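What follows is a set of notes on a single structure, which appears directly below.
A quick note: this is a predicted structure, and the numbers were derived from the prediction, not measured.
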Amino acid sequence: MAVATTYNQPYRKRYHILSDCRREHVKKSLIKHWQLYLIVIPPSLFFLIFKYYPMLNAVLAFKDYNVTKGIWGSPWVGFKHFELFFENPIFWTLIKNTLLISGYLLFAGFPIPILLALALNEIRNGKFKRFVQLVSFAPYFISTVVMVSIIMLFLAPRLGFVNVAMNYFGMDSINFLGQPGMFRSIYVWSDIWQTAGYSAVIFLAALAGVDPSLYEAAKVDGASRFQKIRHIDLPGILPTITIIFILNVGSVMSLGFEKIYLLQNPLNKINSEIIATYVYQIGLLNANYSFATAVGLFNSCINLILLVFVNRVAKRLSNTSIW
């Protein structure tokens, strides 16, 4: 034992020296960059208080919530609520509708901001470029309620602009929001129109960081605009595209509740009922908080699995990832 203790003494001494060096380095960094650490404190507190602390209450998914006993005093029931959700006849309908709408929105809407940013980057007329940016960016600031009102007014069966135009050309009126098959397209393309300009700003910022000397070299070589886009612009913003795509896939199950709920009606409910609207009806309207928490926790777990999987695939294929 004495030999082992003597043998370990140099390593212990080295460990203490390294620990002292790290502490000294951290201390110097805090003193030197105290303004930066001060700026980090408010967002860190925000995430701790409003994001991480509420996660503790996810234990409600494994309990039968009783208002008088509170979250921690309610009886433990294990996976009872998860089993009830999986055995529910509407389970696969909710999963199908959520995935179909999210997938439609992802694959139809994701390329459009990139194309818009590439097109805006090629415009040389400053006034026209600012006008296009304003027109494409402005819809983002329309609230969800106002946006849904606009959609309903435009697609109204009798007096809506679309049906009036169709009647003018001799076509019959269509109750667009009453057709289950049209709901997904109405939701997705109205969302693309509203958010494409805002999403393009990220890619425009990435394009601004591309080395100008590459464009000069391409000009000398006689490259066309499309060749510049293909060989300079797209490779230059590929890391940004990859990161945004990973984040979008990671939130594929977290489809916006407000807009779908406001567009929903008994006629299109077969295609518009998603996990978020179901949680609202079960959790708030029926006051079944434990069951709604279990459904929401299941939803978050699926998002996490998708995020990790897509991040790993992206890292292997392009060496770009979130972590």
Side-chain angles (χ1 to χ4, degrees), residues 93-121 131-169 171-204 241 244-278 303 306:
T93 302
L94 295 173
I95 297 295
K96 182 189 76 172
N97 289 342
T98 303
L99 288 176
L100 284 177
I101 296 175
S102 295
Y104 190 174
L105 182 61
L106 178 65
F107 290 104
F110 184 74
I112 290 177
I114 300 172
L115 297 174
L116 179 60
L118 291 171
L120 286 171
N121 192 55
F131 173 75
V132 173
Q133 282 182 298
L134 175 63
V135 170
S136 60
F137 196 84
Y140 180 78
F141 296 98
I142 301 174
S143 69
T144 304
V145 176
V146 175
M147 174 57 64
V148 171
S149 300
I150 292 172
I151 294 170
M152 287 181 172
L153 288 172
F154 267 65
L155 302 179
R158 288 173 53 190
L159 302 175
F161 171 78
V162 176
N163 276 309
V164 169
M166 290 172 63
N167 292 337
Y168 180 79
F169 290 102
M171 293 182 282
D172 295 330
S173 298
I174 299 174
N175 184 6
F176 290 97
L177 291 175
Q179 300 288 335
M182 293 185 176
F183 180 84
R184 296 185 187 116
S185 295
I186 292 170
Y187 175 86
V188 168
W189 290 105
S190 62
D191 193 82
I192 291 171
W193 173 74
Q194 187 177 10
T195 60
Y198 178 81
S199 302
V201 172
I202 300 171
F203 301 109
L204 280 171
I241 293 173
I244 299 297
F245 182 76
I246 293 170
L247 293 174
N248 286 352
V249 172
S251 60
V252 74
M253 297 291 286
S254 301
L255 202 60
F257 157 77
E258 298 88 353
K259 188 175 177 183
I260 286 187
Y261 182 74
L262 292 171
L263 286 172
Q264 197 175 76
N265 61 55
L267 296 175
N268 63 33
K269 202 168 185 180
I270 189 173
N271 281 353
S272 64
E273 185 78 310
I274 61 169
I275 292 176
T277 57
Y278 183 71
N303 277 335
L306 287 172

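- For the atom pair CG of Asn248 and CG of Leu306, the computed distance is 12.5 Å after rounding to the nearest 0.5 Å.
- Expressed to the nearest 0.5 Å, how far CG of Leu120 lies from CG of Leu115 amounts to 11.0 Å.
- Checking side-chain atoms of Ser185 against main-chain N and O of Met182 turns up no donor-acceptor pair under 3.5 Å.
- Rounding to the nearest 0.5 Å places CD of Gln194 at 6.0 Å from OG1 of Thr144.
- Of all heavy-atom pairs spanning Ala200 and Ala117, the tightest one is O-CB, 3.7 Å.
- Side-chain atoms of Asn97 and Ile270, non-hydrogen and from C-beta on, never get closer than 4.5 Å to each other.
- Ring geometry for Tyr187 against Phe183 counts as parallel: the plane angle stays under 30°, on a 0 to 90° scale with 60° as the upper cut.
- A donor-acceptor contact shorter than 3.5 Å links the side chain of Asn167 to the backbone of Asn163.
- Residues passing the ring pair (Phe, Tyr, Trp, His ring centres under 6.0 Å) test with Phe257 are Tyr261, Tyr280, sequence neighbours excluded.
- In this structure, the side chains of Phe161 and Leu153 stay at 4.5 Å or more apart for every pair of heavy atoms.
- Shown here for Phe110 and Pro113, the closest heavy-atom pair between the two residues is O-CD, 3.3 Å.
- Here CG of Leu262 is found 12.0 Å from CE of Met147. Values are rounded to the nearest 0.5 Å.
- Asn271 contributes no side-chain N or O that, together with a main-chain N or O of Asn268, makes up a donor-acceptor pair within less than 3.5 Å.
- Taken from CG in Leu159 to OG in Ser173, the straight-line distance is 9.5 Å, to the nearest 0.5 Å.
- Looking at Lys259 and Ile151, their side chains come closer than 4.5 Å, going by heavy atoms from C-beta outward.
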Q: Evaluate the side chain to side chain contact (heavy atoms under 4.5 Å, CB included) criterion for residues Ile114 and Ile244: first the C-alpha distance (whole Å), next the side-chain angles of each, then the deciding distance (0.1 Å), finally the verdict.
A: CA-CA 11 Å; Ile114 300 172; Ile244 299 297; over 6 Å; no

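- Here CG of Leu116 is found 12.0 Å from CD1 of Ile192. Values are rounded to the nearest 0.5 Å.
- Shortest non-hydrogen contact noted between Ala196 and Ile112 is CB-CG2, 4.1 Å.
- In this structure, Phe137 and Tyr198 have tilted ring planes: the angle between them lies in the 30° to 60° band.
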**Q.** side chain to side chain contact (heavy atoms under 4.5 Å, CB included) evaluation trace for Ile95 with Met253
**A.** CA-CA 9 Å; Ile95 297 295; Met253 297 291 286; 4.1 Å; yes

Q.
Test side chain to side chain contact (heavy atoms under 4.5 Å, CB included) on Leu263 and Leu177; report intermediate values, then the result.
A. CA-CA 7 Å; Leu263 286 172; Leu177 291 175; 4.1 Å; yes

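- Within 6.0 Å of CZ on Phe154 lie no more than 12 heavy atoms contributed by other residues, nucleotides or ligands.
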Q: Please lay out, stage by stage, how Glu273 and Leu94 fare under the test side chain to side chain contact (heavy atoms under 4.5 Å, CB included).
A: CA-CA 6 Å; Glu273 185 78 310; Leu94 295 173; 3.5 Å; yes

